[in-house]
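Here is the structure we will look at, set down as structure tokens.
Keep in mind it's a predicted model, so treat the numbers as computed, not measured. Throughout, a chain's letter reflects where its sequence line sits, starting with A, and its residues are numbered from 1.
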Amino acid sequence: MAKKVRVRFAPSPTGGLHLGGVRTVLYNYLFAKKHAGDFLVRIEDTDQSRYVQGAEEYIFDTLKWCGLEPDESVQHGGNYGPYRQSERKESYRRYAEQLVQDGHAYYAFDTPQELEKMRQDFRTELNPSPQYDHTLRMKMQNSLSLPADETKRLLDSGAGHVIRIKVPEQETVSFTDMIRGEVSFNTSLVDDKVLLKADGMPTYHLAVVVDDHLMEISHAFRGEEWLPSAPVHILLWKYLFGLENMPQWAHFPLILGPNGKLSKRDGAKYGFPVFAMNWADPKTGELTEGFKEKGFLPAAFINLLALLGWNDGSEQEIFSKEELIEKFSMERVHSAGAKFDYEKAKWFNHEWIKRFEVEGLRFEVESLLTKSGITVSDSALLDKVIELVKDRCTLLPDFVQHASFFFKSPENWDTDAVRPKWNEDKKNFFLAYIEKLLPHTTWNAASLEELFKELAAEKVIKPGELQLPFRIMLVGGKFGPPVFVIAELLGKEETIRRINTAINIFP
RNA sequence: GGCCCGUUCGUCUAAGGGUUAGGACACCACCCUUUCACGGUGGUGAUACGAGUUCGAAUCUCGUACGGGCUACCA
């Protein structure tokens with residue numbers, strides 16, 4: 001009998017949510033939705049020293065922007081709450097003690113200094129990082145190496161201690177990864193990981209297993225960096241809840257930067273965002289730019305993220321969220337890491353801007369224009385302008401360049417572009433053109449162009465040489481849609497005003 | 001160092017024994033456009049290497065090389 005699909009995402013509020021993290025949420029979400037299952041978010045706040053104030057809210061803001069809101073979460077409550085680890089503290093201790101009683105874990109009293117000393121003492125050329133494992137545990141201070149009464153005395157006296165898993169020797173732990181197939185490990189090479197810390201909080205290893213059990217998680221998906229600790233989790237499932245109840249695992253490939261796992265540094269170094277939204281670290285004040293603020297559409301963002309490690313086997317590249325839910329399948333997630341390419345990311349956004357209806361863009365464009373000091377008085381005009389220029393915009397802020405001159409006269413003119421061919425004859429042409437425009441009643445691009453060309457023929461000037469100056473008069477530079485279309489949208493009064501203004505400025 | 005994962009154009013990828021190894025981004029050329037784009041057409045460009053299995057290998061197996069991850073009382 002198949003259990004209902006229930007997946008969870010467990011972010012740690014240590015600041016920011018980068019591409020890899022968001023993609024993990026995305027795949028979790030897509031899989032859950034595809035199978036009509038639940039998608040939960042559980043907060044990993046075990047390490048209070050790394051906990052960053054505001055990071056939790058940031059995570060939920062990000063999920064909201066991406067349209068990946070959980071069904072149950074810290075914010076919404078739900079039947080399996082609480083979803084914050086610090087609020088579940090007591091239950092973890094219980095399971096850890098249970099393991100000790102069953103002989104699968106033990107108390108360890110070693111201080112950080114003693115651990116450091118151990119690493120120093122046993123470090124050799126062949127083994128640069130000695131582990132707390134079966135070869136060393138009897139040489140350390142723990143309930144396995146110490147006499148029972150000494151252990152009891154230490155415990156009773158309230159001596160600081162952790163609980164570590166007792167990993168067996170010479171066993172093979174294997175499991176089936178939905179992406180990689182069978183993966184196996186020799187337990188002799190696995191170290192005795194800490195399960196419960198001295199402060200009573202669980203480490204990720206204990207928490208993930210206990211929570212997945214308590215929250216009835218059916219599928220556990222996470223990044224590939226977790227693969228090496230999977231044997232610990234498998235062992236814990238075996239000891240605590242039974243392998244037959246274990247969720248199915250999938251380890252997603254990493255998203256790589258120019259060199260190795262994508263990091264916050266890469267963004268700053270190579271000039272592209274690595275976070276979904278701006279993140280200002282309250283501790284350092286450091287700001288990391290986000291895709292949102294850079295001008296990405298959420299639809300484009302999740303689209304490009306989804307394709308970084310997955311495709312449906314066809315040549316389709318543009319997928320809406322609904323299509324992704326429908327077509328996503330774990331079998332088609334790659335096992336190799338994918339290097340992030342910002343150029344391609346921008347292409348996705350461009351495609352989405354082109355596809356978006358005006359209604360979907362209006363709000364963003366207007367607020368961007370307002371932010372750069374442009375007042376949009378005519379919203380019907382704004383709609384026309386958006387439709388007209390959206391093909392030219394890759395990132396949302398590009399609209400400012402391509403749309404602002406419809407609402408505000410240029411203040412600078414690219415006079416260098418007109419200078420070489422500008423002369424008295426041309427100036428006279430525009431003066432004459434104004435005279436023709438004044439009584440003109442059918443104000444549309446076609447008739448304006450016709451008038452322009454007739455006059456040019458009359459004055460024996462090539463129309464081509466006149467169009468560029470005309471464009472610069474209207475928009476200030478060498479860009480934008482066809483000139484006569486611009487003139488049409490600008491209206492008679494404004495067009496004439498701009499010709500008049502510029503004609504006196506041209507060299 | 002040890003363990004684990006991986007390897008098709010520069011990048012993202014298709015092709016799950018038989019294709020001139022396909023597409024997209026980027027790049028180049030041409031067309032369209034007397035602006036900038038969009039668009040269109042074409043081009044450069046890849047199966048890491050070596051063995052084996054097979055009539056036949058990018059595809060299966062092994063080895064090598066290379067890349068990445070992990071190796072904390074972080075996740």
Handout entry: Distance flag, aromatic centroids of A:Y106 and A:H161, threshold under 6.0 Å
Key = no

Problem - A:Y27/A:F252 aromatic ring centres below 6.0 Å - result: yes

Completion exercise
Of A:H161 and A:G337, the one whose nearest nucleotide on RNA chain B sits closer to the 5' end is A:G337

Completion exercise
Closest to the side chain of A:L227, out of B:G23, B:U35, B:C5, is B:C5

Handout entry: Listed nucleotide nearest any side-chain atom of A:P463, set B:C5, B:U34, B:C73
Key = B:U34

Exercise for the section: Identify whether any heavy atom of A:D191 sits under 4.0 Å from a base atom; if not, whether one sits that close to sugar-phosphate; answer base, sugar-phosphate or nothing. Expected result: nothing

Handout entry: C1' gap between B:G23 and B:A15, integer Å
Key = 11 Å

Handout entry: Under 4.0 angstrom between A:R332 side-chain N/O and B:A14 OP1 or OP2
Key = yes

Handout entry: Over 12 non-hydrogen atoms of neighbours within 6.0 angstrom of NZ in A:K354
Key = yes

Practice task
Choose from B:C25, B:G1, B:C73 the nucleotide whose nearest atom is closest to any side-chain atom of A:L126.
Solution key: B:G1

Exercise for the section: Would you classify B:C38 as syn or anti? Syn applies when the glycosidic angle is within 90° of 0. Expected result: syn

Practice task
Could you work out the separation of B:G45 and B:G10 based on their P atoms and round it to a whole Å?
Solution key: 10 Å

Completion exercise
Winner on side-chain proximity to A:L468, out of B:G23, B:U35, B:G1, is B:U35

Exercise for the section: Pick the P atom in B:U11 and in B:C49, then give their distance to the nearest Å. Expected result: 15 Å

Exercise for the section: Could you tell me the separation between the CZ atom of A:R180 and the P atom of B:G68, rounded to a whole number of Å? Expected result: 16 Å

Handout entry: Proximal nucleotide (of B:C36, B:C25, B:G39) relative to the A:E351 side chain
Key = B:G39

Exercise for the section: Scan A:P253 against the nucleic acid and name what it touches under 4.0 Å (heavy atoms): base, sugar-phosphate only, or nothing. Expected result: nothing

Exercise for the section: Using Watson-Crick or G-U wobble geometry with both distances below 3.5 Å, tell me the partner of B:A65, or none. Expected result: B:U7

Handout entry: Rounded distance (Å) that lies between atom P of B:C74 and atom OH of A:Y51
Key = 17 Å

Exercise for the section: Report yes if a side-chain nitrogen or oxygen of A:H334 is closer than 4.0 Å to either non-bridging phosphate oxygen (OP1 or OP2) of B:G6; otherwise report no. Expected result: no

Handout entry: Any N/O donor-acceptor pair, A:K193 side-chain to B:A72 base, under 3.5 Å
Key = no

Completion exercise
With the side chain defined as heavy atoms from C-beta on, A:L254 is closest, among B:A26, B:C74, B:G68, to B:G68

Exercise for the section: Please check the phosphate of B:A14 (OP1 and OP2 only) for any side-chain N or O of A:N311 closer than 4.0 Å. Expected result: yes

Problem - Nucleotide paired to B:C73 in any strand shown, Watson-Crick or G-U, under 3.5 Å - result: none

Fill in the blank from the handout: A:H350 atom NE2 is separated from B:C25 atom C1', nearest whole Å, by 13 Å

Practice task
On the 0 to 90° scale, with breaks at 30° and 60°, tag the A:H233-A:W226 ring pair as parallel, tilted or perpendicular.
Solution key: tilted

Handout entry: Of the listed nucleotides B:A24, B:C5, B:A75, the one nearest the side chain of A:Y204
Key = B:A75

Problem - Under 4.0 angstrom between A:K197 side-chain N/O and B:A75 OP1 or OP2 - result: yes

Exercise for the section: Evaluate the ring planes of A:F430 and A:Y433, with Trp represented by its six-membered ring, and classify them as parallel (under 30°), tilted (30 to 60°) or perpendicular (over 60°). Expected result: perpendicular

Problem - Pair A:E494-A:S409, side-chain donor/acceptor within less than 3.5 Å - result: yes

Exercise for the section: Could you check whether A:A338 gets within reach of a base, just the sugar-phosphate, or nothing at all, counting any heavy atom under 4.0 Å? Expected result: sugar-phosphate

Handout entry: Distance between C1' atoms of B:U44 and B:C9 (Å, rounded)
Key = 10 Å

Completion exercise
Rounded to whole Å, the CZ-C1' distance (A:F348 to B:U13) equals 10 Å

Problem - Any A:R164 side-chain nitrogen or oxygen under 4.0 Å from OP1 or OP2 of B:C73 - result: yes

Completion exercise
From CH2 of A:W226 across to P of B:C74 the rounded distance in Å is 11 Å

Handout entry: Ring-face cation contact, A:Y132 with A:R164, 6.0 Å cut, 45° max
Key = yes

Handout entry: N/O donor-acceptor pair, side chain A:R392 with base B:C36, under 3.5 angstrom
Key = yes

Practice task
Could you please name the option among B:C73, B:U34, B:C38 that lies closest to any side-chain atom of A:D391?
Solution key: B:C38

Practice task
Could you tell me whether A:V162 contacts a base, only the sugar-phosphate backbone, or nothing, with contacts defined as non-hydrogen atoms closer than 4.0 Å?
Solution key: base

Practice task
Can you tell me the distance, in whole Å, between the CD1 atom of A:I255 and the C1' atom of B:G67?
Solution key: 17 Å

Problem - Per A:K354 side chain, nearest of listed nucleotides B:C38, B:A24, B:G23 - result: B:C38

Exercise for the section: Name the nucleic acid region contacted by A:G223, choosing base, sugar-phosphate or nothing; use a 4.0 angstrom heavy-atom cut-off, strictly under. Expected result: nothing

Exercise for the section: Give A:R471 one of three labels, base, sugar-phosphate or nothing, depending on what nucleic acid heavy atoms sit under 4.0 Å from its own. Expected result: base

Completion exercise
A:T203 has its side chain closest, among B:G6, B:C74, B:C12, to B:C74

Exercise for the section: Determine, using ring centers only, whether A:F328 and A:W310 are less than 6.0 Å apart. Expected result: yes

Practice task
Scan A:S12 against the nucleic acid and name what it touches under 4.0 Å (heavy atoms): base, sugar-phosphate only, or nothing.
Solution key: sugar-phosphate

Exercise for the section: Grab the CG-C1' distance between A:D177 and B:G69 for me, whole Å please. Expected result: 14 Å

Practice task
Tell me what A:P11 touches on the nucleic acid: a base, only sugar-phosphate, or nothing, going by heavy atoms under 4.0 Å.
Solution key: nothing

Exercise for the section: Output yes when at least one side-chain N/O atom of A:K339 is less than 4.0 Å from OP1 or OP2 of B:U13, else no. Expected result: no

Handout entry: Same-atom distance (P) from B:C74 to B:U64, integer angstrom
Key = 37 Å

Problem - Test applied, ring pair (Phe, Tyr, Trp, His ring centres under 6.0 Å); reference residue, A:F291; option that passes from A:F348, A:F296, A:F275 - result: A:F296

Practice task
Would you indicate what A:G260 reaches in the nucleic acid, counting non-hydrogen atoms under 4.0 angstrom: base, sugar-phosphate, or nothing?
Solution key: sugar-phosphate

Practice task
Using a 4.0 Å heavy-atom cut-off across all strands, classify A:R119 as base, sugar-phosphate, or nothing.
Solution key: sugar-phosphate

Practice task
Please work out if A:V389 contacts a base, only the sugar-phosphate, or nothing of the nucleic acid, heavy-atom cut-off 4.0 Å.
Solution key: nothing

Problem - P atoms of B:C62 and B:U7, separation to the nearest Å - result: 14 Å

Practice task
Write down the distance separating the P atoms in B:G16 and B:U53, rounded off to the nearest Å.
Solution key: 24 Å

Handout entry: Nucleotide forming a Watson-Crick or wobble pair with B:C60, both distances under 3.5 Å
Key = B:G52

Completion exercise
Judged by nearest nucleotide, the residue sitting upstream toward the 5' end of RNA chain B, A:R50 or A:C393, is A:C393

Problem - Distance, P atom - from B:U47 to B:A58, rounded to whole angstrom - result: 11 Å

Exercise for the section: Find the distance A:I179:CD1 to B:G69:P and express it as a whole number of Å. Expected result: 18 Å

Handout entry: Watson-Crick or G-U counterpart of B:G42, or none if no pair lies under 3.5 Å
Key = B:C28

Practice task
Identify whether any heavy atom of A:F340 sits under 4.0 Å from a base atom; if not, whether one sits that close to sugar-phosphate; answer base, sugar-phosphate or nothing.
Solution key: nothing

Practice task
For the pair A:F452 and A:F470, name the ring-plane relationship: parallel under 30°, tilted 30 to 60°, perpendicular over 60°.
Solution key: parallel

